[in-house]
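Below is one structure, written out as structure tokens; comments come after it.
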Amino acid sequence: MKKGLTEVKFEELGGKSFELIRVVEMLCEVCGKPLHTKEKSLRKIQYLSKEDFQSILNRTSAHDRVEVDVENGRIYFCDHDFPGDVHPECIEKL
């Protein structure tokens, strides 16, 4: 189960390894809903100290949201982008 980073405590993460993943939801120019999602693995980290946790907290301001999947050892940095594409049904409405 994914949780927002601000909902997670250091004690839940301490001593564990995590894969950092960047997720970009490509949104429709008309309705703003996702067309598709791109995921890219960035690197693996291990939490050893509260400074490691603070470092990830500091990175949250650069992203739309950050989610943690403690069970599967993943941290998702989520962003949105408008690639200039439109859903076919949104074109029909224009």
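- For Glu19 and Lys44, the salt-bridge test fails: no basic side-chain N is under 4.0 Å from an acidic carboxylate O.
- In this structure, Phe53 and Leu13 have side chains that are in contact, with non-hydrogen atoms separated by less than 4.5 Å.
- Between the OH atom of Tyr76 and the CG atom of Leu42 there is a distance of 12.0 Å, given to the nearest 0.5 Å.
- Between Glu29 and Phe82 the shortest heavy-atom distance is OE2-CB, 3.0 Å.
- His87 places a side-chain N or O within donor-acceptor distance of the main-chain N or O of Pro34, the cut-off being under 3.5 Å.
- For the pair Leu20/Ile45, a side-chain contact is recorded, criterion being any heavy-atom separation below 4.5 Å from C-beta on.
- Of the listed residues (Val68, Ile21, Asp69, Val8), just one forms a side-chain contact (heavy atoms from CB on, under 4.5 Å) with Ile75, and that residue is Val68.
- Between Glu12 and Lys3 there is a salt bridge, with a side-chain nitrogen of the basic residue lying less than 4.0 Å from a carboxylate oxygen of the acidic one.
- No donor-acceptor pair closer than 3.5 Å links the side chain of Glu67 to the backbone N or O of Lys2.
- Heavy atoms only, all atoms of each residue included: Thr60 and Val66 are closest at CG2-CG2, 3.6 Å.
- For the atom pair His63 NE2 and Leu5 CG, the distance stands at 11.0 Å (nearest 0.5 Å).
- Scanning all heavy atoms of the two residues, the minimum distance from Pro83 to Asp81 falls at CD-O, 3.4 Å.
- Between Thr37 and Val24, the closest side-chain pair of non-hydrogen atoms is not below 4.5 Å.
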